[in-house]
Amino acid sequence: MSLSRRETMMAMAAGTAALAAARRADAEPAAPHPLTLWYRQPAATWTEALPIGNGRLGAMLFGGVARERLQLNEGTLWAGQPYDPVNPEAKANLPQVRALIFAGRIAEAEALADKTLMAKPLAQMPYQTLGDLILDFPGVGQATAYHRELDLDSATATTRFTAGGVAHVRQAIASPADNVIAVHLSSTGRLDVDISLRSSQSGVQVAADGANGLLLTGRNGASKGIDGNLRFAARLAARVEGGHATHSADGSLSIRGAKSVTLLLAMATGFRRFDDVGGDPVAGTAATLARARGRSFSTIAADAADAHRRLFRRVTLDLGSTPAAQLPTDRRIADSQTSDDPALAALYFHYARYLLICSSRPGGQPANLQGLWNDSLNPPWGSKYTININTQMNYWPAEPAALGECVAPLMEMVRDLAVTGERTARSMYGARGWVAHHNTDLWRATAPIDGAQFGLWPTGGAWLCMHLWDHYDYHRDRAYLASVYPLMAGAARFFLDTLQRDPASGFLVTNPSMSPENPHGHGGTICAGPTMDMAILRDLFTRTMEAAAILDRDASLVAEMRAARDRLAPYRIGRQGQLQEWQQDWDADAPEQNHRHVSHLYGLHPSRQITPDGTPALAAAARRTLEIRGDRATGWATAWRINLWARLREGDRAHDILRFLLGPERTYPNMFDAHPPFQIDGNFGGAAGIVEMLMDSHGDIIDLLPALPRAWPAGRVAGLRARGRCAVDLHWREGRLDRAILRPELGGPRTLRLGAGSRTLVLKAGTPVTLTPKDFA
């Protein structure tokens with residue numbers, strides 16, 4: 001790799017600065033910038049390692065001393081290949097399953113559904129690790145002044161320490177523009193390192209790639225009877241300053257006597273689309289490194305930081321600080337239940353935004369159950385896309401936290417699902433439009449999986465369509481709306497064809513379905529017309545009708561949707577004073593009174609069908625449901641409860657649950673959410689809950705500090721986004737608003753609400769507006 005004189009000088013300057021920092025740390029370790037996760041020891045487990053990612057490539061860094069491990073992911077490396085899992089017996093047996101459900105013979109219906117309606121295979125394909133980049137440092141002994149950190153602002157992971165009087169600094173970034181993982185190693189003495197690529201995938205080969213490189217190639221494996229047919233490759237190039245490199249017989253690359261080493265790692269698979277695996281990852285990684293090879297680490301890192309900051313720096317949040325903020329991150333998490341550390345909540349919020357940027361960029365895959373990071377060939381729940389809450393929760397903070405671009409991979413997945421889901425709708429239900437059940441994968445499978453008691457739920461695709469609408473509502477781009485309207489209309493057509501008249505009530509209901517994933521105590525889980533389905537379909541029909549009106553199209557379809565919406569089964573309040581989860585008042589009979597899912601509260605959050613002002617009786621029933629369910633649940637379910645209590649404007653209750661989420665039972669030392677095990681939706685849901693406490697918007701209404709807890713008496717946030725392309729800055733003290741600044745990008749009327757007061761303004765694009773409490777008197 002050849003470098004210009006200027007690039008060489010820049011790299012030397014960066015290395016000198018980093019080594020100087022390491023020497024200072026040896027004398028007096030200090031807490032780094034507030035937007036930093038940091039530790040005084042290497043990671044002992046994967047949930048202590050630190051993540052980097054560029055939306056396609058991910059790595060987990062352990063910060064080892066004599067051995068460093070980078071666990072590697074490529075976002076399209078999943079098991080299997082394109083497949084159609086629809087059960088050929090489904091369409092013929094669907095009427096009988098429906099009849100049994102309406103007759104109350106739930107156990108029989110569930111047994112028949114398991115036998116004839118469920119997908120073949122019964123499980124989808126798992127997301128998988130590619131392998132590891134291992135760096136062994138012979139002769140490096142015990143470390144002193146050890147410091148490991150992840151800088152959220154620059155998206156750089158750094159390890160520095162001193163060993164045997166020699167200062168060592170190791171830095172790693174994931175570059176979106178260059179599409180590489182870049183690692184820089186430097187020391188004040190002799191640098192020796194043995195570099196190897198390893199993988200637990202079967203049939204992997206590692207070979208020398210030129211004088212200073214390695215190439216790992218392989219093919220993915222089979223799963224659940226679906227053969228693997230996806231090639232993958234990882235290609236590494238080393239740039240060595242002041243030393244020499246040799247290849248070893250074991251397939252590793254040995255570097256001796258260097259002053260510094262830069263490693264560039266490209267990864268790719270043959271995936272082109274959910275139905276096309278004809279790409280060439282070997283040629284692709286070669287082309288990637290050819291483009292990046294002549295660029296210094298400092299240049300790559302600077303460009304990567306700039307690209308990251310263009311998104312990350314849009315929002316700032318300050319909730320106050322205490323001495324606890326000076327402690328290492330793992331200590332803060334361990335102490336969070338007994339110490340006052342409001343800055344930990346702010347760090348958690350920023351970390352979630354960091355994770356979304358790193359795991360969901362345009363051109364990549366959506367964030368899955370673990371975002372981008374997974375160290376297993378068979379991870380929990382396949383690390384798939386669970387679309388009965390978890391995938392949607394991943395994107396709850398995206399729009400209000402100014403990361404609208406990060407929703408692009410989710411939109412593309414919905415476009416794919418509309419293709420595969422049309423096939424499922426036709427062959428399984430004999431219906432128009434498209435459908436997706438409670439899970440999907442890289443291959444966009446849409447048939448019900450896992451068993452009728454978990455997967456026979458047809459409204460996953462309909463819920464995803466609400467994210468399409470939300471993106472429009474935040475940005476108000478008519479051309480974008482026109483591009484996604486067919487997806488929304490297709491989802492609506494499916495339900496127009498499949499809704500059934502409930503013989504007991506006369507209302508239209510889904511059948512078969514369930515309230516995810518909760519057994520009701522009357523023979524199983526499946527049922528007709530669960531509350532969640534009715535709420536999602538109200539939103540789907542309403543938003544699709546609004547889109548049609550904006551675009552001036554499909555009058556006949558609008559009439560069909562309006563008629564169906566008006567006949568959907570309504571909300572009901574049960575004998576416990578709770579919002580009923582099912583058409584029947586079965587809530588008290590359910591065997592899991594503290595069930596993790598609170599699906600029937602969809603109407604409160606993320607929807608706004610239930611509000612304290614507009615529907616006080618239903619809001620009170622939703623509150624009663626939350627009291628029965630309890631505040632503590634799995635990680636993502638705890639996060640959902642934060643958002644629900646915030647919508648009820650009970651900030652202190654929401655904050656109490658947030659404190660539990662931030663504690664060691666639900667947050668790992670690296671701040672990953674603990675379901676347990678790790679699921680990233682809790683991180684994203686928790687961040688969304690923090691936003692809900694500070695600002696909420698719907699239509700052209702913006703609520704300021706609707707659920708501010710007493711634990712945050714003073715603070716400020718800048719850059720939140722309200723619907724209609726409007727940035728919102730808030731400053732508060734002594735628990736009350738000091739000032740709000742609106743920065744509209746789109747003109748028009750907005751109603752601002754603060755407590756019981758409100759103010760309607762006509763905003764002008766590009767003209768900021770400042771309001772104080774007296775404006776709401």
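- A cation-pi contact, defined as under 6.0 Å to the ring centre and within 45° of the axis, links R353 to F312.
- Side-chain atoms of N368 and S383 form a donor-acceptor pair, as typed in the model, at a separation below 3.5 Å.
- Contact check for L70 versus M60: no side-chain heavy atoms found under the 4.5 Å cut-off.
- Counting heavy atoms from C-beta on, the side chains of D209 and R235 come closer than 4.5 Å.
- A parallel orientation is assigned to the rings of F161 and H168, their planes being inclined by less than 30° (bins at 30° and 60°).
- Residues T424 and T446 bring a donor and an acceptor atom of their side chains to less than 3.5 Å of each other.
- In this structure, a donor-acceptor pair under 3.5 Å is absent between the side chains of S376 and N374.
- Judged purely by distance below 3.5 Å, without hydrogens or angles, the side chains of T440 and Q124 never pair a donor atom with an acceptor atom.
- Of the charged side-chain nitrogens involved, at least one lies within less than 4.0 Å of a carboxylate oxygen, so that R295 and D178 count as a salt-bridged pair.
- Between H147 and W38, the angle of the ring planes stays under 30°, which puts this pair in the parallel group of the 30/60° scheme.
- Side-chain N/O atoms of Y83 and D441 include a donor and acceptor closer than 3.5 Å.
- Using cut-offs of 30° and 60° on the angle between ring planes, the pair W78 and Y385 is parallel.
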Stepwise ring pair (Phe, Tyr, Trp, His ring centres under 6.0 Å) check, F672 with W46: CA-CA 10 Å; F672 273 173; W46 190 81; 5.7 Å; yes
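- A donor atom on one side chain and an acceptor atom on the other are found under 3.5 Å apart for S483 and R415.
- Although no hydrogens or angles enter the test, the distance criterion places a donor-acceptor pair under 3.5 Å between the side chain of Q392 and the main chain of I387.
- Looking at S254 and T246, their side chains never bring a donor and an acceptor atom within 3.5 Å of each other.
- For the pair Y39 and E149, the minimum side-chain heavy-atom distance is 4.5 Å or more.
- Between Y354 and H308, the ring planes are perpendicular. Angles over 60° get that label, and only those under 30° would be called parallel.
- Looking only at atom types and distance, the side chain of N394 has no donor-acceptor partner in the side chain of D681 under 3.5 Å away.
- Checking T285 against T288 by side-chain atom types alone, no donor-acceptor pair falls below 3.5 Å.
- Seen from the ring of Y146, R40 does not count as a face-on cation partner, given the 6.0 Å and 45° thresholds.
- Side chains of Y668 and T45: no donor on one and acceptor on the other come within 3.5 Å.
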